[in-house]
Amino acid sequence: MTRFDPATDAGLDALLGAAGLPAGARPRTSASSIRARAARRPPPPSPVLPALALFAVVLAALVGPLAPRMIPTSGPSPATPTAVQLRAPAATVAIDPPLPATLATAPPLASFASAPARVPPESLAGPLPAADERTLPVLDPAAPAPALTAEIAAPSPPERSAPSAPPSTRVAMFVAGGVATDFGVSKGPPVGPGLRGGLRVRGPGTASPLVGLTGEVVVLPDPLGPDRFSGGLEGAGGVSLGAPAARLDLAWTAGLRGMPDVPSTPQRWVLPGGAFVATGPAVAASFGRDGPRLRVGLAVQARLRLRADGPPTISPWVSATVGLELPVAP
Amino acid sequence: MTEQLDDAALLARYRGGDERAFDALVDRWGSAIKGYAIRMLGSRDQAEDIFVETFVRAAAAEGPWESRGTVRAWLFTIARRLCIDVLRRRKVEREARRGLVHLADLRGADPSPEARAILGEQAAGVEAAIAALRPEHREVLLLRAVHGLSERETAGAVGRTVPQVRSQLHYARSRVRELLARSERDARRRLRRRSAR
């Protein structure tokens, strides 16, 4: 038996080298079956798709504030008298028979629209006033009443000065959550691309519904190894249904969510019941129909022990984010 | 003839359609990859899976191995990442099951018959000391001292800088020395007790 002196680096390396490979290191699987398995395997998913998803999220974040606001199809309600503002170039008035040319240039449309369309009968009593360029033309009661038609043209995009819903200035609370599955390009268990669905609750006073449903696409890069920071770009979008009536609310968010992945830091706990919990800050920018808003919150992720018969199984990552939505001046 | 070609030439030939070149690569590095995985995971079955998956990925991959310096460093990089995935999965499951955070509590791999012949009782002590290292120290020591990768190759395989690898190697060697000394003291104590009886 040869003795090695591990006191020196060279002696220790020689000792380890002499230990060689452990027992059972000879592979049982043949090279030909590995080749066959490699040939059967579908090609790895293209990195283009996650890149496209990231690009879409970033694009949405950038273009969001510039996107045209939604215009209601119905007219303004009495409660919202200024929801639609008509401007003179956007409206034309045609009167048959033709009016004096001076009328066409006289009043701006806003005041014209609010002027009486008909001459009150009492004004017809007494002597007729002299013709004045600044008054309505003299109407003959026997003559057929002129037909007044208004043609309202849709405002051109640069003239859209009023959104359908004014940007909310209140701070709202949001709660979002869901389950992230592990699949795709990353094999690392705690991270990977995932899908989340969740419930969004917003505070009163905002233009968005109080309660909505959201869907999120989570793209988290594969960290190089354990004990690294894992995080990524997160995008959210979806259809919200909520008070006062069910309606489509196209909103999207984009932002970075970071989750420290270091076991020794206090951001990860193992609860006595078996739940494994990690927390981290969540910051995201939101661009919706109520203007740009900043979401700041606390993300909590957990893997739960599923108490079923047989060996315990661990749930996928369940995440919830609680925080505030703050308005950002556009 | 393929036996005389170096790894890069074998891989190039395989990608050119020569299947025997791939078989030669598997013959050359298969045991080393599986041995590395056994010591990283303490399980022969999982190590076999790692070995297969490593070469399946190597066969299917079209990415450049040059970024890792050598083909063998690239193969160890793939195997290492697969091992890390297994370790992370285990850690999460263990934490959730026990409610406690444990460091690696691996049982040491069994020494090979050749190692027993050369090292005698020391062989088991070496395996136990390797298993007691933290994974990041264990992988560096295995790649450098057992599998003979250069410092640069080791750094490429584990994704760290050469100075970091040197530092971790220094720590790993010191720890192995400590553990071997402790194991020898225990062995001598057992021997004294036996002779006293």
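Below, chain A is the first sequence line, B the second, and so on; all start at residue 1.
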Please name the pair of heavy atoms, one in B:Gly30 and one in A:Pro27, separated by the smallest distance, quoted to 0.1 Å. C-CG, 3.7 Å

By a 4.5 Å heavy-atom criterion (distance strictly below it), what part of [X] contacts chain A: side chain, backbone, both, or neither?
X: B:Glu48; value: side chain
X: B:Val26; value: side chain
X: B:Leu169; value: neither
X: B:His170; value: neither
X: B:Leu25; value: neither
X: B:Val126; value: side chain

Who wins among B:Ala115, B:Pro113, B:Ser112 for the most heavy-atom pairs under 4.5 Å with chain A? B:Ser112

Ignoring hydrogens and angles, tell me if any N or O in the side chain of B:Arg177 forms a donor-acceptor pair with the backbone of A:Ala7 under 3.5 Å. yes

Without swapping roles, check the side chain of B:Glu127 against the backbone of A:Pro22 for a donor-acceptor pair under 3.5 Å. no

If the condition is side chain to side chain donor-acceptor pair (under 3.5 Å), which residues does A:Thr8 pass it with, not counting sequence neighbours? none

Tell me, out of [options], who's got the most heavy-atom pairs with chain B below 4.5 Å.
options: A:Ala36, A:Ala23, A:Gly20, A:Ala31; result: A:Ala23
options: A:Gly24, A:Ala39, A:Ala14; result: A:Gly24
options: A:Arg26, A:Arg28, A:Arg35; result: A:Arg35

For a 4.5 angstrom cut-off between non-hydrogen side-chain atoms, does B:Leu180 reach A:Leu12? yes

Is there a side-chain contact between A:Asp13 and B:Arg173, using heavy atoms and a 4.5 Å cut-off? yes

Rounded distance [0.5 Å steps], OG1 in B:Thr54 versus CD1 in A:Ile34: 9.0 Å

Under 4.5 Å from any heavy atom of chain B, what part of A:Leu16 do you find: side chain, backbone, both or neither? both

